[in-house]
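Handing you this structure, nothing more for now.
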Number of protein chains: 2
Amino acid sequence: MKPDVYAANCPTRQILDRVGDKWAVLILLLLREKPMRFNQLRRTIEGISQKMLSQVLKSLERDGLIKRRAIATVPVTVEYSITQLGVTLAAAVDPLRDWAEQNLKDVLAAQRRYDSQQKEEAA
Amino acid sequence: MKPDVYAANCPTRQILDRVGDKWAVLILLLLREKPMRFNQLRRTIEGISQKMLSQVLKSLERDGLIKRRAIATVPVTVEYSITQLGVTLAAAVDPLRDWAEQNLKDVLAAQRRYDSQQKEEAA
DNA sequence: TATATCTAGTAACTATTAGTTACTAGTGAA
DNA sequence: TTCACTAGTAACTAATAGTTACTAGATATA
């Protein structure tokens, strides 16, 4: 049976929503490079708050995309790393990032066209 | 110069955010199949409200991913269709949808594992 | 000896966004 | 006469995102 992403109860849609999380994707791509600690992630990802980082890490761990390892140092450090499942998701995100980089100019141009059109109509 | 998606001001991140929009992706994939009217979209995509549909259609049009065409019928009908740029974005989203369909079981299993683990620790 | 900094978060609060519901106006059908 | 259809918009509420202050124990700095 083929899943219908347009049905509200479709679980595939839940996963698309999760990928839609702006921070989740960034964290996943970062952890693919190398494991990182909490504050290390916070410093690297500009604009993320402690709360959101904590929240998103938890949900990524819940989904089996990353794993959390507490190391008995003083103070305790926690290392986050990507799982095999996470690696495959990150790979599926790559085409999207590439698209964004390649088509950024076109999108910005379209926005400018649209905005000036709107201004004209308002006048 | 390589864009840094981890920098807050990176325009590529803006595009990732837009793709992150749960409704936008669904609409894009639908319009790739065939052009559709406003209420037709609303009926097909379960759970979307008039307001969100209107909002998302507007921003997709602004980004040059879809185009809007008003047809002089009575009452006026409006047809939305995907642009060439939109087609390329939809293609970049495909691997993601495929990933979701293929790995849904693993993700749900990971969630169950995590949740029962948490319950244990709470007890 | 105080003071600041580091660790990984949590709690309380505010701001922003998502979603709900009712409404527009003109026409055709039951 | 009342309902349904078209494509939205406006006002409101609910949910989520983001901000800020705080925890506790140790180490470095002045």
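Every heavy atom of this structure was used, including side-chain atoms; hydrogens, water molecules and symmetry mates were not. Just so it is clear: chains get the letters A, B, ... in the order the sequence lines come, proteins before strands, and each one is counted from 1.
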- What integer distance in Å separates B/Gln40:CD from D/dA7:P?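 Rounded to whole Å, this separation is 9 Å.
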- Query: A/Lys58 NZ to C/dG9 C1': how many Å, rounded?
  - Reply: 8 Å
- Query: Can you tell me if the side-chain N/O atoms of B/Ser49 get under 4.0 Å from OP1 or OP2 in C/dT21?
  - Reply: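 For C/dT21, neither OP1 nor OP2 has a side-chain N or O of B/Ser49 closer than 4.0 Å.
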- Hey, is the side chain of B/Ser54 poking within less than 4.0 Å of OP1 or OP2 on D/dT9, counting only N and O atoms?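 For D/dT9, OP1/OP2 do have a side-chain N/O of B/Ser54 under 4.0 Å.
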- Testing D/dT6, C/dT7, C/dG9 for proximity to the side chain of B/Pro75, the answer is D/dT6
- Using a 4.5 Å cut-off on heavy atoms from C-beta on, say whether the side chain of A/Leu29 contacts that of A/Asp94. yes
- Donor-acceptor pair under 3.5 Å: do we get one between B/Gln50's side chain and the base of C/dA22?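 Yes, a donor-acceptor pair under 3.5 Å.
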- Could you state the atom-to-atom distance from CZ of A/Phe38 to P of D/dT23 in whole Å? 18 Å
- Integer-rounded Å distance: D/dT9 C1' and B/Leu53 CG: 13 Å
- Query: Is the shortest heavy-atom distance from the side chain of A/Thr77 to the side chain of A/Asn39 under 4.5 Å?
  - Reply: no
- Between D/dG8 (P) and B/Met52 (CE): distance, integer Å: 15 Å
- Query: Nearest of C/dG9, D/dA7, C/dC6 to any side-chain atom of B/Arg68?
  - Reply: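 Closest of the options to the side chain of B/Arg68: D/dA7.
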- How long is the line joining NZ of B/Lys22 and P of D/dA17, in whole Å? 11 Å
- Under 4.0 angstrom between B/Lys51 side-chain N/O and D/dA7 OP1 or OP2: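 Indeed not, no polar side-chain atom of B/Lys51 lies that close.
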- Query: Does A/Trp23 place a side-chain N or O at less than 4.0 Å from the phosphate oxygens OP1/OP2 of D/dA17?
  - Reply: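 A/Trp23 to D/dA17 OP1/OP2: no side-chain N or O under 4.0 Å.
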- Query: Rounding to a whole Å, what distance do you find between B/Leu57:CG and D/dA7:P?
  - Reply: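 In whole Å, D/dA7 P and B/Leu57 CG are 11 Å from each other.
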- Taking only N and O in the side chain of A/Arg43, is any of them less than 4.0 Å away from OP1 or OP2 of C/dT7? yes
- Does any non-hydrogen side-chain atom of B/Leu41 lie less than 4.5 Å from one of B/Leu57? yes
- Select from A/Val76 and A/Gln55 the residue whose nearest nucleotide in DNA chain C is closer to the 5' end of that strand. A/Val76
- Length of the line joining A/Tyr80:OH and C/dT7:P, which is rounded to integer Å: 13 Å
